[in-house]
Q: 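Quick one: the structure is below, questions incoming.
Each chain gets a letter, A, B and so on, in the order the sequences are listed, and its residues count up from 1.
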Amino acid sequence: MNVGVSKMSTCPTDVAPTKGRIIEDTAIIIPAHNEEAVIKNVIIDVQRLFKYVVAVSDGSTDATCTEAKSAKAIVIDHQPFGLGQGGALQTGIEYALGLPVDYFVTFDADGQHQVEDVIKMRDEIKKTKVDIVMGSRFLGEEPRNMTRAKRVMLKAAVIFSNITSGIKLTDAHNGLRIFNRHVAQSINLEEPGYQHASEITEKIKKNGYSYKEIPVKIIYTDYSKSKGQSIFNVVNLGTDIIMGKIVK
Amino acid sequence: MIVAQIVFIGAAIGLMVLFLLSGGSRTSAMKKIAAFLLVAIAIVFIIRPAFADDVAQMVGIGRGSDLVLYGLVFVVVLQIINNSVAKKKQQKREAKIVRQVSLLRKELEELREDQENTN
């Protein structure tokens, strides 16, 4: 299996490429649906610091796969149809379990997440030995360019998630997480779409994973805002979670 | 009358919970029994419409037509939930298939690449 590693980033960030060792004990899993515009740069940015990047194209109808392959990521393509972000993550996790890694990171494809935050989270999980470390945009610096409607929606989602799962988090729907092999082997995500965020929270409680939240930076661009959850879809998400509780 | 209403509402909810929790052949058998009972009750009400009124007054609903309506609502809601359960199970099966196919294709791709690199 050939995995190319780009040492120089070509993406327009203001962070200089890090010199030094490339991290080989962590797999970065990037679920992507129709992200041809940004996926290559996102992967190249991650590859500055991490050897194993697993991109899962989830039923994409554009050039997401081609772009991801051109960045020399490990690319898995869900065809003939996608399974949603949760399904793509589970596929990425199952593949990554075959790699010689100790940690698994879920990382969004739209460029919102910062690779440097993954380093911080990796340091945290190694230091505290918890099973899962999750990023929170509400613990540290205020997210840049977040609309008021989005802020209200996310806060409401957090309250709802905390009530339904019994786990107290400040940012349950943050896609940036790192977990160990035990979690990767047992988490078994089954919910479609964005419900996986709530499913992960429920699995934390059900499987007794130890967890921690640390502040991370989320940068909203016009592109990432266009790809985010609509407020109307939040209604679908909420009812699906309630139905999921009634109908197991 | 209120007590009778509470008892029947409780029984309806209890039946629904039992229906949802049971699986496999038990659920299938329960559905068949329920369908048979519904048809039998419908036949009785058609033959003796006054009987529907008697039952309705016994449970505190009032009119036989209201009793039939509430029964219909109950059945429709149960069917919606049943369809949701079936759809969810179907989605999980589909997801497993798509995932296995995708991972196998990836494995094949890697084997081909290894072969090309060796040659």
Q: Which donor-acceptor pairs under 3.5 Å do the side chains of residues 98-106 of chain A make with protein atoms, sequence neighbours left out?
A:
{"residue": "A:Thr106", "atom": "OG1", "partner": "A:Gly175", "partner atom": "O", "Å": "2.7"}
{"residue": "A:Thr106", "atom": "OG1", "partner": "A:Arg177", "partner atom": "N", "Å": "3.4"}
{"residue": "A:Thr106", "atom": "OG1", "partner": "A:Arg177", "partner atom": "NH1", "Å": "3.1"}

Q: Would you find more than 12 non-hydrogen atoms of other residues, nucleotides or ligands less than 6.0 Å from A:Phe81 atom CZ?
A: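 Correct, the count exceeds 12.
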Q: Among B:Gln100, B:Glu94, B:Lys96, single out the residue with the greatest number of heavy-atom pairs under 4.5 Å to chain A.
A: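 That would be B:Glu94.
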Q: List for me each residue that meets side chain to side chain contact (heavy atoms under 4.5 Å, CB included) alongside A:Asp62, sequence neighbours excluded, and say none if there are none.
A: A:Asn34, A:Glu36, A:Ser60, A:Thr64
Q: How about B:Arg63: does its CZ atom have over 12 heavy atoms from other parts shown lying under 6.0 Å from it?
A: no
Q: Compare all side-chain heavy atoms of A:Val75 with those of B:Glu109 and state whether any distance is below 4.5 angstrom.
A: no
Q: Who wins among B:Val101, B:Val98, B:Leu103, B:Leu111 for the most heavy-atom pairs under 4.5 Å with chain A?
A: B:Val98
Q: Looking at side-chain heavy atoms only, is the closest gap between A:Glu191 and B:Lys88 below 4.5 Å?
A: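 A:Glu191 vs B:Lys88: side chains touch.
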Q: Tell me the closest heavy-atom pair linking B:Arg99 and A:Gly87, and the distance in Å.
A: NH2-O, 2.9 Å
Q: Return the minimal non-hydrogen interatomic distance between B:Ser102 and A:Asp77, and the atom names on each side.
A: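 The pair with the smallest heavy-atom distance is OG-O, 3.1 Å.
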Q: Between CD of B:Glu107 and CD1 of A:Ile76, what distance do you get to the nearest 0.5 Å?
A: 11.0 Å
